[in-house]
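Have a look at the structure below, then the notes.
Indexing begins at 1, ligand by ligand and atom by atom, following the structure's order. Just so it is clear, the values below take in all heavy atoms, side chains as well, and ignore hydrogens, waters and symmetry mates. Nothing here was measured: the structure is a model prediction, and the numbers come from that model.
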Amino acid sequence: MSELTALTIAGARDGLKKKDFSAAELADAHLSAIEEARALNAYVLETPERARAMAKAADARIAAGNAGPLEGIPLAIKDLFCTEGVRTTACSHILDNFVPAYESTVTAQLWRDGAVLLGKTNCDEFAMGSSNETSYFGNVVNPWRRKGANTPLVPGGSSGGSAAAVAANLALGATGTDTGGSIRQPAAFTGTVGIKPTYGRCSRWGVVAFASSLDQAGPFTRTVRDAAILLRSMSGHDPKDTTSADVPVPNFEAAIGKSVKGLRIGIPKEYRLDGMPAEIERLWEQGRAWLKRAGAELVDVSLPHTKYALPAYYIVAPAEASSNLARYDGVRYGLRVEGRDLIDMYEKTRGEGFGAEVRRRVMIGTYVLSAGYYDAYYLRAQKVRTLIKRDFEECFKAGVHAMLTPATPSAAFAFGEKGGADPVEMYLNDIFTVTVNMAGLPGISVPAGLDTQGLPLGLQLIGRPFDEATLFSLGEVIEQAAGRFAPRRWWAR
Ligand code: GLN
């Protein structure tokens, strides 16, 4: 039934409505595909029984004529979203066998709308990383390979499992979270669509916190339309999250196919990096041509503080992480390593429970927040953040509707290729994405082409606050022009 797993969400929705197949069949097709693709390590927990039960209930609602907008759609959930009664670990040893007694707001809304849980997906530990190499459960393998080569490649991170699951047809869609690029970068590396909505659009309640002022949930899908469909269900005001925005959620799908004529698209000159691969530059140029052909107007803009975004992010994010991760002390959740006394137990638990990258972030965060360095680092970074946000605001005030940039500085790389001796090498992956989190804006990555090695590359569109709709309209123009991309199914028996 592999044709069922190749459907889009929109296509599956129509097929279910017309009774071409049942939600149970759709779930089963995905469960077998997942079993066949265990080599990718995309899922850290499969939930076949729950999937079948949810699909059965969906079929009953379809038969009774009260189907929800996502009725019977099988989804993968990043293991950062708490799922009631289903193990949630943030892919960290410290959350070993943690089974939440509550459901995150975002996933609760997906189930409310009829979606079916296939399982929990792999990610970097506490979402810290760009390659999925920091997961306690091991790497995810990118379904894509270079032409004529078998070298395993990273799927990007931190939401690598969700991205790989969608790219390999192991789910019709998936959830991710994006603190500095963790949806858009893996989307670009796997040829999928990923959107980080405006900060406050999706509730953070029940999502394991990394850096609370930057974290946002968003969807992975194979088409822009599907991203619009999923985001609508994930969005909305939640009184349980004080930073959740009380703004109406539009029917994002209505933006698909809407004319982009007359939209002013900013091309920020600071995103043209020295030493950027020529094919990234070419892709960007191609994207500009496509939007122009569709009637958009291109304008050169400047975001002068872009160069400070990455250093400022790597102060703000670890600072917030060190504070958020203080709660993992062996008392309330997951792992406990006994010690001589309470302090010894804390130290042993945290020493064993956190991986190297998480420990590094906790140390950096604690340092930049410490009394002697707070003003020099943390406070300074917050000021820089304000300037980065202002750069965007000024462009938008001058009439720019959205910006077009590359999503990543390269295509997917091999395991161990980056960040071994120097963690900054890995951090540089986020160069085009972190500004968007720092400014709280929406950003979408849309597959736009293949590089000379046959690997997917993405273009990023950055929008005005709460104007995801425009990103969907523009994103679909790119998708129509570029076509869709799927990996060769080398993992299937
Ligand atoms: N790669 C970035 C980091 O490691 C962003 C991760 C994310 O967006 N969660 O912090």
Side-chain angles (χ1 to χ4, degrees), residues 78-81 90-92 106 121-135 139-140 154-163 174-190 194-197 199 202 204 207-220 309-325 354-365 368 381 385 407-410 412-413 418-419 422-445 458 460 462:
K78 185 180 187 180
D79 205 26
L80 216 64
F81 290 81
C91 292
S92 178
V106 162
T121 49
N122 206 344
C123 59
D124 279 301
E125 186 179 2
F126 284 103
M128 298 174 191
S130 304
S131 64
N132 225 115
E133 287 168 291
T134 74
S135 167
N139 312 314
V140 174
V154 306
S158 66
S159 315
S162 289
T175 63
T177 61
D178 189 314
T179 304
S182 277
I183 291 175
R184 290 158 289 157
Q185 186 255 19
F189 277 17
T190 57
I195 178 166
K196 180 202 91 73
Y199 185 78
C202 292
R204 290 181 299 106
V207 181
V208 176
F210 164 10
S212 308
S213 76
L214 300 159
D215 298 344
Q216 259 300 288
F220 283 93
L310 205 60
Y313 170 86
Y314 276 98
I315 290 172
V316 173
E320 294 185 18
S322 74
S323 158
N324 274 325
L325 269 54
F354 291 139
E357 183 60 28
V358 174
R359 290 202 301 272
R360 178 185 294 131
R361 307 265 182 133
V362 168
M363 284 190 281
I364 296 173
V368 299
R385 183 175 185 176
T408 56
S410 75
F413 45 88
K418 279 186 204 243
D422 179 8
V424 174
E425 205 185 2
M426 187 67 83
Y427 299 169
L428 283 171
N429 256 283
D430 305 325
I431 193 123
F432 298 139
T433 48
V434 287
T435 50
V436 179
N437 301 75
M438 293 294 263
L441 302 171
I444 191 170
S445 173
Q460 172 177 240
I462 305 168

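- Near ligand 1, residues A127, M128, G129, S130, S158, D178, T179, G180, G181, S182, F210, Y313, Y314, R361, D430 each place a heavy atom inside the 4.0 Å sphere around the ligand atoms.
- Sequence neighbours left out, not one pair with a member in residues 424-433 passes salt bridge (Lys or Arg N to Asp or Glu O under 4.0 Å).
- Using modelled atom types and a 3.5 Å distance limit, the side chains of S92 and E125 yield a donor-acceptor pair.
- Nearest heavy atoms, P409 versus L428: CG-O, 3.9 Å.
- Checking D124, L80, N122 one by one against S158, the side chain to side chain contact (heavy atoms under 4.5 Å, CB included) holds for a single residue, D124.
- Looking at K78 and S162, their side chains never bring a donor and an acceptor atom within 3.5 Å of each other.
- For the pair D215 and F210, the tightest heavy-atom approach, listed with the atom from each and the gap, is OD2-N, 2.9 Å.
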